[in-house]
Amino acid sequence: MSKGVTPRSQDYARWYTDVVLKAELADYGPVRGTMVIRPYGYAIWELLQAALDSRFKATGHVNAYFPLLIPKSFLSKEAEHVKGFAKECAVVTHHRLRAAADGGLEVDPDAKLDEELIIRPTSETVIWSMYKRWINSYRDLPILINQWANIVRWELRTRLFLRTTEFLWQEGHTAHATEAEAVEEALRILDIYQDVIETEMALPVIKGVKSESEKFAGAVDTYTIETMMGDKRALQAGTSHYLGQNFAKAFDVTFRDQHNEEQYVYATSWGVSTRLVGAVIMAHGDDRGLRLPPRIAPYQVVIVPIYKDDTRAEVMEEAARIRDSISKNGTRVHLDDRDTVSPGFKFSDWEMKGAPLRVEIGPRDVAQNSAVLVRRDSGEKQNIASANLATFIPPLLEEIQTALFQQALDFREANTHRPQNWEAFKEIIDHGGFARCGWDGESETEAAIQKETKATIRVIPENQDPKGLKCIHSGKPALYEVILAKAY
RNA sequence: CGGGGCGUGGCGCAGCCCGGUAGCGCACCUGCUUUGGGAGCAGGGGGUCACAGGUUCAAAUCCUGUCGCCCCGACCA
């Protein structure tokens, strides 16, 4: 393995892959399009999971688990939903293998399933088949269930974390008595996503709603949070759908209201995935590797001891003492005691892995009762008395968290433009960035823009104001103000 | 499914045109010296050259076939 990564400016896609592999976040799986999430990458996901899960619980949601295998017939019950997923489903057709003549294994033709099974691409259909059994009265509502699961979507073009054939996510599925309640739920979740992504991941988001062509198959409305990556492209970080009564009607889920009237249930579904790990990498990384926001860094502080044979004992003793003092207030700290690699290697290694702070401790520092503290985000070094480290570090981590958010926000603002005409628009899309402009609301216009520039409507922002705007493509009066960009 | 390319130690490649029994970098192992920005030196281990058949005294190299993979065009968090 060579040193360093491909510079971002040279080849952003390769830089990204280099970082994922060299920071040991993930590796390619044996089946095309699959990936192994390695311990360090999984640790980031676990921190995100915890941040999300506690917020879900705090708003009344509970976790459950539904089966991986879905009868094929279920998927076809909601017309739009089938259309959306049919082209990327893995199908289970048999349930047994047998010894083959060549000594290997083959599918036993006698073990063909009567009804083929789909490996879930999302769980609306299984879940609503169950909700039908569980919902009879308004007294059974709302149901606020979330599940942490893996799903499979047979993707043609895959990229580690961003788009893989199998991925991990959470999917919430709620059932409500009224439209207002369901819409409120979808928006509440969007707020939670925004909070987690901005507070924990230090990544500013744009909240809003998707256009007709970009929304989830089977939804009435899809709410989204969009983020800008380091190459100025947009990344959809999470979506929350108001499903109306579409699934209730498809699965015949009704309840008796207070007046003994039979009503269809109103639904939402919402999810974020391991794609978020990819977002952190692309939004904050630099040519030295990953830069993790402290709140989701597996190790917030890494201690690198520097010693020779004759100084090893005293340095390690002091390093361990510093580690213990830092961890006392809950900071996640790691003492890198590997004897087989040099300190210089460890510096680079932990920079690649994005640890927010590094403490260097060698004989000189031991003698002075101090340590060298290095920030990953800025590279800034300072000497600090060992006794002060434990109290100095927590506020510094907060400062780094804030600095990363601010950098990402400044970057997004600097690369968000309001073109006044088509030529200017094309220029912006060509150079990369968000274009905020008017749209006449026609899907034909949207398609034409995409065809000519590869840009899509990422979001109709919640604070949009089309007054006085003209459609950037057709020139007609704008119905919406939208964010257009090339996307992942 | 249409167009282009590649299969050689774990990874990245050279060798192929012009047949002569396999090499380089990284990684790995051992030892010594090192350790404050990806250590140095010395030694060492590891390859059915994708597979099958053919030509030849001799095939990684030439011929035929098969398989696999990657890249580019219609979907998606």
Side-chain angles (χ1 to χ4, degrees), chain A residues 1-5 13-14 18 21-22 27-28 30-33 83-89 102 121-122 149-159 161-171 193 197 210 213-217 219 222-227 234-241 269-279 288-289 303-312 315-316 319 336-353 358-368 370-372 374 379 381 383 450-451 454 456 458 487-488:
Chain A
M1 188 154 66
S2 61
K3 297 172 184 178
V5 292
R14 232 177 106 187
D18 285 353
L21 296 176
K22 292 194 176 175
D27 203 349
Y28 293 100
V31 174
R32 183 199 148 91
K83 270 200 271 171
F85 288 105
K87 277 167 279 186
E88 50 187 26
C89 285
D102 67 0
T122 177
N150 59 332
I151 62 177
V152 167
R153 295 181 186 174
W154 211 264
E155 299 287 351
L156 300 177
R157 285 197 35 72
T158 59
R159 287 189 74 187
F161 286 114
L162 297 180
R163 177 167 294 111
T164 48
T165 294
E166 179 186 359
F167 59 95
L168 303 183
W169 76 345
Q170 60 67 215
E171 46 179 326
Y193 288 162
I197 292 166
K210 284 288 190 188
S213 70
E214 292 280 330
K215 76 181 189 190
F216 175 73
T222 289
Y223 301 99
T224 182
I225 43 181
E226 296 287 326
T227 56
L235 182 86
Q236 178 177 306
T239 47
S240 178
H241 317 288
S269 70
W270 27 274
V272 293
S273 71
T274 38
R275 169 179 255 202
L276 290 180
V277 178
R288 287 169 173 257
I303 302 170
V304 177
I306 298 151
Y307 50 75
K308 301 185 184 183
D309 281 347
D310 58 331
T311 50
R312 186 175 192 282
V315 168
M316 285 306 290
D336 187 349
D337 61 359
R338 285 177 291 178
D339 235 347
T340 49
V341 293
S342 68
F345 181 91
K346 291 176 183 177
F347 296 165
S348 306
D349 194 36
W350 289 108
E351 281 166 3
M352 184 64 67
K353 290 183 169 165
R358 178 173 78 233
V359 172
E360 302 173 9
I361 173 98
R364 292 206 300 263
D365 309 293
V366 175
Q368 298 165 19
S370 70
V372 177
V374 187
K381 288 190 185 188
N383 258 285
Q450 179 169 10
K451 198 167 176 212
K454 295 234 165 90
T456 50
R458 300 319 308 151
Y488 276 99

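All values below come from the heavy atoms of this structure, side chains included, with hydrogens, waters and symmetry mates left out. The sequence lines fix the lettering, A, B, ..., with proteins before strands; numbering per chain opens at 1. These numbers come from a predicted model, not from an experiment.
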Verify side chain to side chain contact (heavy atoms under 4.5 Å, CB included) between A:T239 and A:F216, making sure each step is shown before the conclusion. CA-CA 9 Å; A:T239 47; A:F216 175 73; over 6 Å; no
Under the side chain to side chain contact (heavy atoms under 4.5 Å, CB included) rule, what do A:D365 and A:I306 come out as? Steps first, then yes or no, please. CA-CA 10 Å; A:D365 309 293; A:I306 298 151; 5.6 Å; no
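Considering only side-chain N and O atoms, A:K308 lies under 4.0 angstrom from the phosphate OP1 or OP2 of B:U35. Taking 4.0 angstrom as the limit, A:S342 places none of its side-chain polar atoms (N or O) nearer than this to OP1 or OP2 of B:G38.
The separation between A:Q450 atom CD and B:G73 atom P is 13 Å, rounded to whole Å. Look at CD on A:E360: it is 10 Å from P on B:G36, rounded to the nearest Å. In this structure, the CZ atom of A:R14 is 14 Å from the P atom of B:C71, given to the nearest Å. Between A:W154 atom CH2 and B:A74 atom C1' the separation is 19 Å, expressed in whole Å. If you take CG of A:D310 and P of B:U35, they are 10 Å apart, rounded to a whole angstrom. Atom CZ in A:R159 sits roughly 15 Å away from atom C1' in B:C71 (whole-Å rounding). Computed from coordinates, the A:R338 CZ to B:A39 C1' distance equals 15 Å when rounded to whole Å. Rounded to whole Å, the distance from CG on A:L276 to P on B:A77 is 14 Å.
For A:E351, the listed nucleotide lying nearest its side chain is B:G37; candidates were B:A77, B:G36, B:G37. For A:T239, the side-chain atoms get nearest to B:A77 when compared with the rest of B:A77, B:G37, B:G36. Minimum atom distance to the side chain of A:E88 is reached by B:C75, of the listed B:A77, B:C75, B:U35. The side chain of A:F345 lies closest to B:A39 when the candidates are B:A77, B:A39, B:G37. The side chain of A:K381 has B:G37 as its nearest neighbour among B:G36, B:G37, B:A39. Which of B:U35, B:C76, B:C75 sits closest to the side chain of A:D309 comes down to B:U35. The side chain of A:R163 lies closest to B:C76 when the candidates are B:G38, B:A77, B:C76.
Note on A:L162: a base of the nucleic acid sits closer than 4.0 angstrom, heavy atoms only. Base engagement by A:R288 is indicated by at least one non-hydrogen atom pair under 4.0 Å involving a base atom. Residue-level contact check: A:K210 touches neither bases nor backbone, having no heavy atom under 4.0 Å from any strand. Residue contacts shown for A:V341 are absent, as no nucleic acid heavy atom lies under 4.0 Å away. Using a 4.0 Å heavy-atom distance criterion, A:E155 is classed as a base contact. Nucleic acid contact class of A:S240 (heavy atoms, under 4.0 Å, all strands): none. Residue contacts for A:F85: at a heavy-atom cut-off of 4.0 Å it reaches no nucleic acid atom on any strand shown.
The two residues A:G278 and A:L162 make their nearest non-hydrogen contact at CA-CD2, 4.0 Å.
Within a 6.0 Å radius of CH2 in A:W154, other residues, nucleotides and ligands contribute 12 heavy atoms or fewer.
Of the residues near RNA chain B, A:D339 and A:V5, the one whose nearest nucleotide (by heavy atom distance) lies more toward the 5' end is A:D339. Mapping A:Y307 and A:D349 onto RNA chain B by nearest heavy atom places A:Y307 closer to the 5' end of the strand.
Look at the P atom in both B:C24 and B:G43: the space between them is 13 Å, to the nearest Å. Going from the C1' atom of B:C69 to that of B:G38 covers 32 Å, rounded to whole Å. A gap of 11 Å separates the C1' atoms of B:G9 and B:G23, to the nearest Å. Comparing B:C6 with B:C63, their P atoms sit 14 Å apart, to the nearest whole Å. Taking atom P on both nucleotides, B:C1 is separated from B:A39 by 49 Å, rounded to a whole Å. B:G46 and B:G40: their C1' atoms are spaced 24 Å apart (whole Å). Comparing B:C16 with B:A22, their C1' atoms are spaced 12 Å from each other, to the whole Å. Between the C1' atoms of B:G73 and B:C17, the separation comes to 33 Å (whole Å).
You'll find a donor-acceptor pair under 3.5 Å spanning the side chain of A:R358 and the base of B:G37, going by distance alone.
Between the side chain of A:T164 and the backbone N or O of A:F161 there is no donor-acceptor pair closer than 3.5 Å.
Remark: B:A39 base-pairs with B:U33. Criterion, Watson-Crick or G-U wobble with two distances under 3.5 Å. For B:C69, the paired base is B:G5 (Watson-Crick or G-U wobble, both distances below 3.5 Å). Across all strands shown, B:C16 forms no Watson-Crick or G-U wobble pair with both distances under 3.5 Å. Across all strands shown, B:A52 pairs with B:U64; the Watson-Crick or G-U wobble distances both stay below 3.5 Å. Searching all strands for a Watson-Crick or G-U wobble partner of B:C28 with both distances below 3.5 Å returns B:G44.
A distance of 11.5 Å separates CD1 of A:I303 from CD of A:E360, quoted to the nearest 0.5 Å.
Within the cation-pi definition used here (under 6.0 Å to the ring centroid, within 45° of the axis), A:R275 does not qualify as a partner of A:F167.
Using a 4.0 Å cut-off between charged nitrogen and carboxylate oxygen, A:D336 and A:R338 count as a salt-bridge pair.
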